[in-house]
Trainee: 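Please read through the structure below; I'll follow up with questions.
Since the model is a prediction, treat every value here as computed from it, not as a measurement. Atoms within a ligand are numbered from 1 in the order they appear, just like the ligands themselves.
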Amino acid sequence: MITDPFIARTVRELRMQLEPLRENGAKVAFVPTMGALHAGHQALMARAAELADICVVSIFVNPTQFGEGEDFAKYPRTWESDFARCAQAGVAVIFAPNEEVVYGGKKQVSVKVGSLADGFEGADRPGHFDGVATVVAKLFNMVQPDVAIFGEKDAQQLAIVRAMVRSLDFTVAIESLATVRESDGLAMSSRNRYLSDSERSSARVIPQSLEAAKANADRGLRAVVAAVHAVFETEPTVGVSYIAVVDPQTFVEVGADHHGEALLLIAASVGSTRLIDNTLLNLHALAVTVMT
Ligand code: PAF
């Protein structure tokens, strides 16, 4: 039987709903979202159901993580289908605050992320990760979950949330889930719905480039980067913002002699839509043969 989730618009409503459940020993899992829910979010909700007794989903398009000229105004707001997906997934509470509830009179203090936010998404979108970290910290304090679940597509965001939890001594456990993909490999994203049919078709080079990287990982970093560029050259309408291979913990770029785990990060623009993706690689540096 599907029971409709309770909709909490204020922190007081949220707490009144959660407190009795918690007093009865219920463990709370939290999935923070900006709405426009898709199968990737549903996988996060399903994981939440495995990890805890009740699942809270927040739906809040957070203005402080969008830069000037970015898509805050046009970000898809799809309340009806979001509600249906939450109900389907057995979500107990949807927390859907407005800007006043989240930020009204409360902007004196915010979270500033350190060097993890310097490169890649942080460099291309100045202030983005401070906005993300601040709203996630606020949502953690509002919901007070035992565990929160994030998708691995936003790899830098996930690393920053983990670092914030460590740095600020939050007690919430952070869980992550592998990226959910369309049948042709494109990572599920709320922004995919901006793509026209031809852009959607061009966007396939992103997952194709990840596959090419994996196929070349045993030949070392240079071969991986060359293989990724070669795939993007087949689709010149897609503009690459960055291709980087980094240490998965520090997000510092690895050198050509790197051996072992590394994370390939890609950001690309398809028309006016910016998409990101990543994959873990097991790199093998090529042995140098010295001729005598
Ligand atoms: O990943 C997202 O959807 C957002 O960045 C988050 C974590 C909900 C914060 O607004």
Side-chain angles (χ1 to χ4, degrees), residues 8 11 14 29-45 47-48 55-67 70-79 81-82 85-86 89 91 93-99 101-103 106-107 110-113 116-117 120-122 124-145 147-165 168 170 172-180 187-194 265 267 273-278:
V11 180
L14 176 69
F30 176 43
V31 179
T33 82
M34 298 205 299
L37 304 181
H38 48 65
H41 295 110
Q42 269 180 304
L44 301 179
M45 297 181 217
R47 182 73 183 127
C55 172
V56 177
V57 170
S58 64
I59 298 181
F60 177 62
V61 185
N62 173 37
T64 67
Q65 70 188 76
F66 290 81
E70 289 188 9
D71 56 342
F72 173 69
K74 75 162 187 176
Y75 197 84
R77 273 105 171 147
T78 57
W79 173 257
S81 66
D82 290 353
R85 281 184 193 268
C86 289
V91 168
V93 180
I94 300 177
F95 180 43
N98 63 19
E99 226 178 295
V101 168
V102 178
Y103 289 113
K106 299 189 283 187
K107 276 194 163 170
S110 59
V111 179
K112 172 128 189 62
V113 183
L116 263 179
F120 320 113
E121 285 310 279
D124 283 5
R125 305 182 65 192
H128 169 67
F129 285 124
D130 290 347
V132 169
T134 299
V135 82
V136 170
K138 287 165 79 64
L139 291 168
F140 282 173
N141 284 331
M142 291 169 177
V143 178
Q144 302 184 343
V147 57
I149 304 121
F150 290 81
E152 291 171 4
K153 179 176 74 68
D154 297 299
Q156 199 175 1
Q157 166 174 286
L158 175 61
I160 285 169
V161 169
R162 285 191 197 283
M164 180 182 77
V165 164
L168 300 183
F170 281 93
V172 58
I174 303 300
E175 283 270 328
S176 71
L177 215 63
T179 303
V180 177
M188 296 269 179
S189 163
S190 303
R191 290 186 168 99
N192 288 352
R193 60 187 85 200
Y194 296 152
L265 305 172
T273 305
R274 193 163 179 288
L275 299 174
I276 59 172
D277 206 343
N278 68 81

Trainee: Verify the neighbour count for atom NZ of K112: are there more than 12 heavy atoms of other residues, nucleotides or ligands below 6.0 Å?
Mentor: no
Trainee: Over all heavy atoms of both residues, which pair between A187 and D277 is shortest? Give the atoms and the distance, please.
Mentor: CB-OD2, 3.7 Å
Trainee: On the 0 to 90° scale, with breaks at 30° and 60°, tag the Y75-F66 ring pair as parallel, tilted or perpendicular.
Mentor: perpendicular
Trainee: Could you tell me which residues satisfy salt bridge (charged side-chain N to carboxylate O under 4.0 Å, His left out) with D154, sequence neighbours excluded, listed by chain and number?
Mentor: none
Trainee: Would you mind running through ligand 1 and noting each atom that sits below 4.0 Å from a heavy atom of V135?
Mentor: 9 (C), 10 (O)
Trainee: Heavy-atom distances under 4.0 Å decide this one: backbone, side chain, both or neither, for V161 against ligand 1?
Mentor: neither
Trainee: Measure from NZ or CZ of R77 to the centre of the six-membered ring of F72 and say whether it is under 6.0 Å with the direction within 45° of the ring axis.
Mentor: yes
Trainee: What are the atoms of ligand 1, with element, lying closer than 4.0 Å to any heavy atom of T33?
Mentor: 8 (C)
Trainee: Just to confirm my output: which protein heavy-atom neighbour is closest to atom 7 (C) of ligand 1, and how far is it?
Mentor: Q157 NE2, 3.6 Å
Trainee: Which protein heavy atom lies closest to atom 9 (C) of ligand 1, and at what distance to 0.1 Å?
Mentor: Q65 OE1, 3.3 Å
